[in-house]
Amino acid sequence: MTQTETIRAAAGYLAQFVEAQALHQRVPGVQVAIRSGDELVLDLAVGVADAVTGTPLRTDHLFRIASHSKTFAGTSVMQLVEAGKLRLDDPIGQYVPELAEAGSPIAAATIRELLGHQSGVIRDGVHADFWQLEYPFPDRATLIADIVADGTIYARNEHFHYSNVGYSLLGLAIEAVSGQTFDEYTRTHIVEPLCLTRTGAEYDPARADEYAAGHTALLFGTNERDVIEHVDTRVMAAATGFYSTAAELTEYGAAHWFGDTRLLSDDSKRLMQRLESVVSAYGEEVGRYGVGMEVRKVGDRPMIGHSGGYPGHITRTYIDPKDKLVVSVLTNAVDGPADQIATALVKLIDAALTPRPGHTPAAHPDGLPPLESYTGRFANLWGLLDLTVLGGRVVALRPSLPDPLGAFEELDVVGPDTLRIHPQTGFGGSGELVRLERAADGSIASVRFGGMTSWPVEEFLRRRASMLHVATSKVSV
């Protein structure tokens with residue numbers, strides 16, 4: 001099967017996995033989209049848009065996607081470079097003359113250095129409590145005054161230093177060169193060419209009812225979340241202002257695939273996606289960055305894209321520009337596990353496409369029930385167990401773990417009610433039989449995996465009270 005066919009076949013389980021993650025993490029809502037080739041393979045909304053009103057989350061609810069905005073700014077810059085209207089080596093002071101007039105060292109930073117977070121400019125400013133709505137986001141005059149007063153942290157190209165202030169300056173450069181506001185430029189040169197109707201550069205009060213609410217984090221075991229107001233990010237829109245949906249982000253991500261010429265040439269994409277910085281902190285690698293794009297590997301798959309953190313929303317989009325895959329996950333809480341879920345989905349997709357190393361799937365024996373009859377979600381005192389079909393193989397995994405491959409097992413069908421865990425060295429039950437007990441209708445009534453029994457979730461919940469004390473009955477064999 002092709003990549004798209006394999007993901008399409010796995011989409012039902014991928015949705016179940018997201019639902020389990022959302023419940024386990026207690027996140028209000030999760031919006032997920034997966035695009036492979038020309039097909040939107042999964043478009044899913046789980047949970048609520050507003051934890052106070054209980055409004056169900058929809059796939060068309062708008063999310064603030066925060067630092068995804070940097071990829072739109074980077075794309076805009078590269079379009080203007082292709083048009084011959086600016087150069088990557090131009091100093092930012094050429095487009096924001098107030099910096100040069102005030103003698104700020106940041107005036108000499110180039111467009112490319114700002115795109116790659118190598119300009120040395122401060123991250124958010126010395127007064128950045130606008131991130132927790134103590135006061136409005138800065139306007140142009142406030143931003144520039146802060147840069148002049150306290151904005152220089154490092155020399156140019158001394159260190160990678162992630163900076164929302166730097167991207168705010170890029171937004172001003174885009175406006176100076178194009179003669180349009182950042183919102184107008186991105187709408188006419190990115191949003192409209194891609195036929196996006198639910199994506200924009202800044203909060204739109206006229207669409208207030210379409211936004212998913214943002215929520216506070218759960219701290220120290222608290223169970224209640226408060227709703228956080230959506231606000232205009234003003235001069236910082238190029239760094240953090242955008243809104244969108246998961247589905248539209250996959251369409252935007254597809255425009256960064258090689259061979260897609262709707263926004264940029266492949267030459268410009270290669271420059272944006274090329275590794276510029278390996279980011280280390282205290283001697284340990286913590287990330288990689290290109291020119292307006294994060295550069296990552298998920299498993300063995302090279303990816304680009306970006307995360308986003310806005311008051312109340314945490315988001316992540318991964319793009320494979322060569323194999324034409326986009327995974328976007330949007331969450332509506334400050335502690336939302338967007339990156340965790342997106343990473344997990346990429347890993348599950350790759351596990352569906354390719355068996356785990358060392359495992360050669362056995363042919364399904366003739367005369368036995370179809371693979372789907374060996375699947376389901378089960379639970380015991382130690383948590384959830386999923387048996388599912390990925391890539392034409394039965395596999396076992398724990399859907400509440402942050403890494404789905406952490407307890408992933410390849411299974412071979414050896415009988416109508418029996419599977420075998422792939423034999424290998426390990427700390428689990430490798431090589432052991434998995435025994436199923438079926439109900440009269442053929443559904444699975446219980447699973448004995450690693451010697452312990454699991455049941456369908458509702459049945460386990462009915463039995464759980466009996467597991468709180470030692471049973472005196474004999475173990476059945």
Side-chain angles (χ1 to χ4, degrees), residues 10-30 32 44-48 51 54-57 215 218 220-225 331 333 335-337 340-341 344-345 348 369 371-390 394-409 411 417-419 421 428-429 432-477:
Y13 178 72
L14 298 178
Q16 293 176 34
F17 176 83
V18 171
E19 290 164 358
Q21 286 282 308
L23 287 170
H24 186 70
Q25 299 281 350
R26 296 193 296 161
V27 62
V30 183
V32 175
L44 174 71
V46 175
V48 295
T55 303
L57 183 67
H215 298 86
L218 297 177
F220 306 118
T222 57
N223 290 310
E224 294 183 359
R225 296 183 187 268
T331 64
D335 55 355
Q340 175 183 308
I341 295 175
L345 288 172
L348 287 173
L371 292 179
E372 286 69 25
S373 71
Y374 294 85
T375 65
R377 173 162 289 166
F378 308 95
N380 66 18
L381 197 60
W382 291 83
L384 296 175
L385 169 69
D386 282 355
L387 301 183
T388 191
V389 175
L390 290 179
V394 182
V395 302
L397 59 94
R398 304 285 180 175
S400 59
L401 292 182
D403 183 353
L405 302 188
F408 187 101
E409 296 284 6
L411 307 177
D417 303 316
T418 313
L419 306 102
I421 304 172
E432 297 180 8
L433 294 178
V434 178
R435 294 176 170 86
L436 312 181
E437 180 181 323
R438 295 188 184 272
D441 63 0
S443 63
I444 300 174
S446 67
V447 176
R448 199 184 311 166
F449 189 101
M452 278 198 295
T453 305
S454 297
W455 298 266
V457 175
E458 288 187 5
E459 175 61 16
F460 163 69
L461 293 174
R462 189 185 70 80
R463 292 170 174 261
R464 184 167 60 178
S466 69
M467 302 176 189
L468 307 181
H469 306 281
V470 175
T472 57
S473 60
K474 293 182 179 180
V475 176
S476 60
V477 294

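Reckoned from all heavy atoms, side chains included, excluding hydrogens, waters and symmetry mates.
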Enquirer: Whether D335 and R26 form a salt bridge (side-chain N of Lys/Arg under 4.0 Å from carboxylate O of Asp/Glu) is what I want to check.
Expert: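 Looking at R26 and D335, the cut-off is not met.
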
Enquirer: Side chains of L385 and N380: does their closest heavy-atom pair fall under 4.5 Å?
Expert: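 Not touching, per the 4.5 Å side-chain cut-off.
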
Enquirer: Write down the atom of S400, the atom of H24, and the distance for their closest heavy-atom approach.
Expert: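 Nearest pair, atom of S400 first, then H24: O-CD2, 3.4 Å.
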
Enquirer: Nearest 0.5 Å, please: how far is CZ in F408 from CG in L401?
Expert: 12.5 Å

Enquirer: Is there a side-chain contact between V447 and L436, using heavy atoms and a 4.5 Å cut-off?
Expert: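 A side-chain contact exists here, since the closest heavy-atom pair is under 4.5 Å.
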
Enquirer: Provide the closest heavy-atom pair for A439 versus A445 in the form atom of the first, atom of the second, distance.
Expert: N-CB, 4.0 Å

Enquirer: For residues G336 and T331, report the shortest heavy-atom separation together with the two atoms involved.
Expert: CA-OG1, 3.3 Å

Enquirer: Are any of the side-chain heavy atoms of D417 and R435 separated by less than 4.5 Å?
Expert: no

Enquirer: Going by side chain to side chain contact (heavy atoms under 4.5 Å, CB included), Y13 matches just one of D386, V395, V389. Which one?
Expert: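 Checked D386, V395, V389 against Y13; only one passes side chain to side chain contact (heavy atoms under 4.5 Å, CB included): D386.
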
Enquirer: Are any of the side-chain heavy atoms of W455 and R462 separated by less than 4.5 Å?
Expert: no

Enquirer: Only one of L44, V32, L345, T388 clears side chain to side chain contact (heavy atoms under 4.5 Å, CB included) with L14; which?
Expert: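 Among L44, V32, L345, T388, the one that satisfies the side chain to side chain contact (heavy atoms under 4.5 Å, CB included) with L14 is L345.
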
Enquirer: More than 12 foreign heavy atoms under 6.0 Å from CZ of R438: is that the case here?
Expert: yes

Enquirer: May I ask you to decide if Q16's main-chain N or O and R377's side chain share a donor-acceptor pair within less than 3.5 Å?
Expert: yes

Enquirer: Which value, rounded to the nearest 0.5 Å, describes the distance between F378 atom CZ and T453 atom OG1?
Expert: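 Between atom CZ of F378 and atom OG1 of T453 there are 12.0 Å.
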
Enquirer: Counting C-beta onward and ignoring hydrogens, is there a side-chain heavy-atom pair between Y374 and P369 closer than 4.5 Å?
Expert: yes

Enquirer: Which pairs, with at least one residue in residues 395-404 and sequence neighbours excluded, count as a salt bridge (Lys or Arg N to Asp or Glu O under 4.0 Å)?
Expert: K347-D403

Enquirer: If you round to the nearest 0.5 Å, how far is CG of L371 from CG of L390?
Expert: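 The CG atom of L390 sits 11.0 Å away from the CG atom of L371.
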
Enquirer: Indicate the atoms forming the closest heavy-atom contact of A344 with P402, along with that distance.
Expert: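 For A344 versus P402, the nearest heavy atoms are CB-O, 4.2 Å.
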
Enquirer: Is it true that a side-chain atom of H215 and a backbone atom of A51 form a donor plus acceptor pair closer than 3.5 Å?
Expert: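 Flag set: sc H215 to bb A51 pair under 3.5 Å.
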
Enquirer: If you compare all heavy atoms of G429 against all heavy atoms of I421, which two are closest, and at what distance to 0.1 Å?
Expert: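 Heavy atoms of G429 and I421 come nearest at O-CD1, 3.3 Å.
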
Enquirer: Using the test side chain to side chain contact (heavy atoms under 4.5 Å, CB included), find all partners of Q25 that sit at least two apart in sequence or belong to another chain.
Expert: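 Listed in chain order: Q21, P337, Q340.
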
Enquirer: What are the two closest non-hydrogen atoms of V46 and A22, and how far apart are they?
Expert: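 Heavy-atom minimum between the residues: CG1-CB, 3.9 Å.
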
